[in-house]
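Heads up, the thing below is written out as structure tokens.
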Amino acid sequence: MTLTLSLALAGTVALPILPASAQDGPLRIEITDGVVEAMPIAIPAFFGDSDVAKKVRDVVARDLTGTGLFREIPAEAQVNAPGSFTEAVAYEDWRAINAQALVTAEVTSAGENISVKFRLFDVFAGQPQGDGMQFDARASDWRRAAHKIADQIYTRLTGEQAYFDSRVAFVQETGPKNARIKRIGVMDYDGSNILWMTDSSSLVLAPQFSGNGRQIVYTSYDSGFPQIRIMDVATVTSRAATQGTDSMAFSPRFSRDGRWIAYSLENGGNTDIWLMDAATGAQRQLTNAPSIETSPSFSPDGRQIVFESDRSGAPQLYVMGIEGGEPTRISFGDGRYGSPAWSPKGDLIAFTKQVGERFHIATMRSDGSGEKNLTESFLDESPTWAPNGRVVMFTRVTPGGNGQPRLHSVDITGRNMRPLNLDFAASDPSWGPVMP
């Protein structure tokens, strides 16, 4: 597993090719909270090594169309596909079928390595959109090369950071509801390339990636009592961050720079938020109230945390600085608020909201304004943000005695709800950064 993971982290090399002249007003999708019409995009068969080329092309197409922002023009509608990667584009033919963007690519294999070259064209402007690029990678990393291409296309056509070459930590769940067996896994954002970080010998909960994706902090019961552990992803080794049998430590989360870990500590029947120096282990208490404070999440700059507290009589969301002081309540709607997660952009906070017997994944601005429900179901919980702050992944549990948790995603407009393609029950997602 260590060898496979190190290969996955080895990365790809991107080289610019085929310089293109700059253009005024490049083709762009305008993303708003209203209805977004999917952009028609043509992705003909990639040239070169037929087997690898088809796999790379299919992943690129799934990445883009899976956002709901792009609509792939089917192959049977493509009247004059290029005969080679270097052939001039017949723009008129693509305009005739209403293609707004065109992707061409070529994949070559050399032993254990592959090279993927691609170009993106603005069909209506009749010119390339940005420079072509070449990605060199190990043959086993062909999927990463595909994600890198899709990232480039997404960014050029939306003006936003992409998120396809990223990973998600999660908890696999097996067994009956009253005796669940859990282990931590890491996978590509789309559910592929699963690597197991822990076995099922002890209960594990709520893994959270560090800002650079190199570590995972989580709650473990391997000592028989909930405590916090930190795992190095590359070596799949972990160490205890808290210890003790007279207190429970749980719900840990890194600051983006990896310097701090905020977590909940229960001692003598009281639960408060604590702050730990990730390097030295030095700890200090942030809250001190006869209520339950839990689920802390850092702002992107690391200066504030949002957390859940029932100090007002029911679970609500509060924000405070990491230097301490009196927290500010930011949630005031009907229902119970919990499991907040601060967006990487810093503009929004995602959270779980329960109103009656229905659960929602919702967002609000960091000052509590602009509250908006994105989902509604029997039980939705544990939101986590894509690296670009546009998509939220979460756990949805089906009702009934045999109900199972499954991972889903939805964008911040509340559109494009999608289940993750996994053949097992999973919960507690944590979306890591785009890999270098």
Side-chain angles (χ1 to χ4, degrees), residues 171 205-208 217-219 226 228 247-255 260-267 269-276 285-300 302-322 324-343 346 348-375 379-385 392-397 405 427-431:
V171 173
L205 301 171
Q208 294 289 330
V217 63
Y218 62 101
T219 303
I228 295 168
S247 62
M248 296 187 293
F250 54 96
S251 295
R253 189 167 297 191
F254 276 107
S255 60
W260 304 106
I261 297 173
Y263 65 99
S264 292
L265 183 70
E266 186 278 333
N267 194 357
N270 192 45
T271 302
D272 284 296
I273 304 295
W274 284 66
L275 195 67
M276 177 191 302
Q285 189 171 348
L286 284 185
T287 66
N288 186 11
S291 51
I292 297 175
E293 273 78 45
T294 188
S295 301
S297 175
F298 285 92
S299 60
R303 297 177 181 176
Q304 295 178 294
I305 60 167
V306 59
F307 62 95
E308 170 190 342
S309 172
D310 65 356
R311 62 179 60 198
S312 65
Q316 300 289 336
L317 302 184
Y318 293 78
V319 170
M320 71 181 300
I322 64 168
E326 186 65 22
T328 300
R329 179 173 167 178
I330 62 171
S331 62
F332 292 93
D334 295 333
R336 303 161 65 92
Y337 293 73
S339 57
W342 215 310
S343 165
L348 295 173
I349 293 171
F351 54 93
T352 298
K353 182 178 181 180
Q354 182 186 5
V355 181
E357 296 182 353
R358 304 297 289 175
F359 281 77
H360 308 268
I361 298 298
T363 60
M364 65 170 63
R365 299 187 185 96
S366 57
D367 63 1
S369 63
E371 183 174 321
K372 179 178 182 178
N373 290 339
L374 304 182
T375 74
L379 178 54
D380 288 347
E381 59 185 358
S382 306
T384 182
W385 289 94
V392 177
M393 188 177 292
F394 61 96
T395 305
R396 169 165 287 183
V397 182
S427 64
D428 295 357
S430 173
W431 210 323

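Minimum interatomic distance between S366 and I330 (heavy atoms only, all atoms of both residues): O-CG2, 3.9 Å. The two residues T219 and P226 have their closest heavy-atom pair at CG2-CB, 4.0 Å. W342 and P300 make their closest contact through CD1-CD, 3.9 Å (heavy atoms, listed as atom of the first residue, atom of the second, distance). The two residues E308 and S295 come nearest to each other via the heavy atoms OE1-OG, 3.8 Å. The two residues G302 and I322 come nearest to each other via the heavy atoms O-CD1, 3.3 Å. Of all the heavy atoms in Q316 and G335, the pair that sits closest is NE2-O, 3.6 Å.
Within the model, atoms CG of D428 and CZ of F394 stand 14.0 Å from one another, a figure rounded to the nearest 0.5 Å.
Within a 6.0 Å radius of CZ in R329, other residues, nucleotides and ligands contribute more than 12 heavy atoms. For I292, the CD1 atom is loosely surrounded, since the number of other residues' heavy atoms within 6.0 Å does not exceed 12. Within 6.0 Å of CG in D367 there are more than 12 heavy atoms belonging to other residues, nucleotides or ligands.
Tested against E293, the residues N288, I273, N270 include a single side chain to side chain contact (heavy atoms under 4.5 Å, CB included) partner, I273.
Taking the side-chain contact (heavy atoms from CB on, under 4.5 Å) definition, one finds that E371 meets it with Y337, F351, K353, M364, sequence neighbours left out. Residues passing the ring-ring contact (aromatic ring centres under 6.0 Å, His included) test with W385, sequence neighbours excluded: none. Applying the ring-ring contact (aromatic ring centres under 6.0 Å, His included) rule to F298 yields no partners; only residues at least two apart in sequence or on another chain are considered.
Taking 4.5 Å as the limit, every side-chain heavy atom of R253 sits out of range of all side-chain heavy atoms of I305. Side-chain contact between S430 and Y218 is absent, with no heavy atoms from C-beta onward closer than 4.5 Å. The side-chain heavy atoms of P383 and T352, taken from C-beta on, include a pair separated by under 4.5 Å. By the 4.5 Å heavy-atom criterion applied to side chains, R396 and L379 are not counted as neighbours. In this structure, the side chains of E381 and V397 come closer than 4.5 Å at one or more pairs of heavy atoms. Side-chain atoms of T287 and Y318, non-hydrogen and from C-beta on, never get closer than 4.5 Å to each other.
If you check the side chains of T294 and S264, you find a donor sitting under 3.5 Å from an acceptor.
The backbone N or O of G356 lies less than 3.5 Å from a partner atom in the side chain of Q354, making a donor-acceptor pair. Remark: side-chain polar atoms of S291 are not paired, donor with acceptor, to backbone N or O of S309 under 3.5 angstrom.
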